[in-house]
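The chains referred to below are lettered A, B, ... by the order of the sequence lines, with proteins before strands, and numbering in each begins at 1. Scope of the values below: all heavy atoms of this structure, side chains included, with no hydrogens, waters or symmetry mates.
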Amino acid sequence: AQSVTQLGSHVSVSEGALVLLRCNYSSSVPPYLFWYVQYPNQGLQLLLKYTSAATLVKGINGFEAEFKKSETSFHLTKPSAHMSDAAEYFCAVRGRSSNTGKLIFGQGTTLQVKP
Amino acid sequence: EAGVTQFPSHSVIEKGQTVTLRCDPISGHDNLYWYRRVMGKEIKFLLHFVKESKQDESGMPNNRFLAERTGGTYSTLKVQPAELEDSGVYFCASGRGLVDEQYFGPGTRLTVT
């Protein structure tokens with residue numbers, strides 16, 4: 001069965017510092033991988049997704065993630081944090097051979113950005 | 001283009017009562033999903049509609065939950081009777097195709113007392 005683990009339920013960084021949010025997946029076949037963000041009182045918004053093309057995926061708002069099959073990881077990074085990046089971030093997977101669009105989510109990581 | 005809308009935004013009911021949540025997907029999206037997040041836990045899949053048909057309902061917790069999507073447009077999720085453990089945020093999402101992006105609504109926060 002597929003699963004997703006996000007290391008760290010809370011991450012705090014200073015404005016301008018590197019953001020690194022960790023995600024590891026468990027799947028017999030490399031799945032589709034996603035990062036979503038949820039700002040307060042809003043729905044989840046897709047940041048980026050990995051399907052099967054380049055292993056380094058660029059998303060919105062300056063975020064990117066690198067798929068590493070050997071490490072079964074899909075960590076999210078941003079070189080310089082902005083105050084507006086404070087939100088909750090979710091890593092998710094979807095099976096390639098599945099006939100459903102079901103997403104399996106990690107537990108979520110709340111990012112705090114300090115001035 | 002209007003996004004996914006959900007109604008109500010909040011609902012507080014007593015144990016044993018019935019509640020119906022509604023989701024209006026983005027127009028033209030055949031795929032509609034329901035997810036739930038119980039406090040402190042991860043977001044979990046409930047079910048997936050393709051048009052009016054249930055493609056996958058493997059995440060439905062029990063037979064107190066009934067989802068419908070008559071006419072392949074909006075969907076409702078009824079909980080009857082509600083239990084304390086049903087409290088959480090219920091998200092709806094829609095997408096054009098199976099592998100396309102899922103657009104999420106803001107969620108309905110359900111509190112069962």
Subject >> Test item: A:L111 and A:V19 side chains (from C-beta on) under 4.5 Å apart, heavy atoms >> reply: yes

Original post:
Taking only residues at least two apart or on different chains, which pairs with a member in residues 70-115 of chain A satisfy disulfide bond (SG atoms under 2.5 Å apart)?
Top reply: A:C23-A:C91

Between chain B and chain A, are any donor-acceptor pairs under 3.5 Å, and how far apart is each one to 0.1 Å?
unit_1: B:Y35; atom_1: OH; unit_2: A:L103; atom_2: N; d: 3.2
unit_1: B:R37; atom_1: NH1; unit_2: A:E88; atom_2: OE1; d: 2.9
unit_1: B:R37; atom_1: NH1; unit_2: A:E88; atom_2: OE2; d: 3.3
unit_1: B:R37; atom_1: NH2; unit_2: A:E88; atom_2: OE2; d: 2.9
unit_1: B:R37; atom_1: NH2; unit_2: A:Q107; atom_2: O; d: 3.1
unit_1: B:H48; atom_1: ND1; unit_2: A:T100; atom_2: OG1; d: 3.2
unit_1: B:Q55; atom_1: NE2; unit_2: A:N99; atom_2: O; d: 2.9
unit_1: B:D56; atom_1: OD2; unit_2: A:T100; atom_2: OG1; d: 3.4
unit_1: B:Q102; atom_1: NE2; unit_2: A:G101; atom_2: O; d: 2.7

**OP:** Keeping to residues at least two apart or across chains, list the disulfide bond (SG atoms under 2.5 Å apart) pairs with something in residues 34-105 of chain B.
**Re:** B:C23-B:C92

Original post:
Apart from B:M39 itself, which Ile, Leu, Val, Met, Phe, Trp or Tyr residues share its cluster (side-chain heavy atoms under 4.5 Å, direct or through members)?
Top reply: none

**OP:** Look at B:K15 together with B:D86 and state whether they make a salt bridge at an N to O cut-off of under 4.0 Å.
**Re:** no

Original post:
Is there side-chain contact between A:V11 and A:L21, with heavy atoms separated by less than 4.5 Å?
Top reply: yes

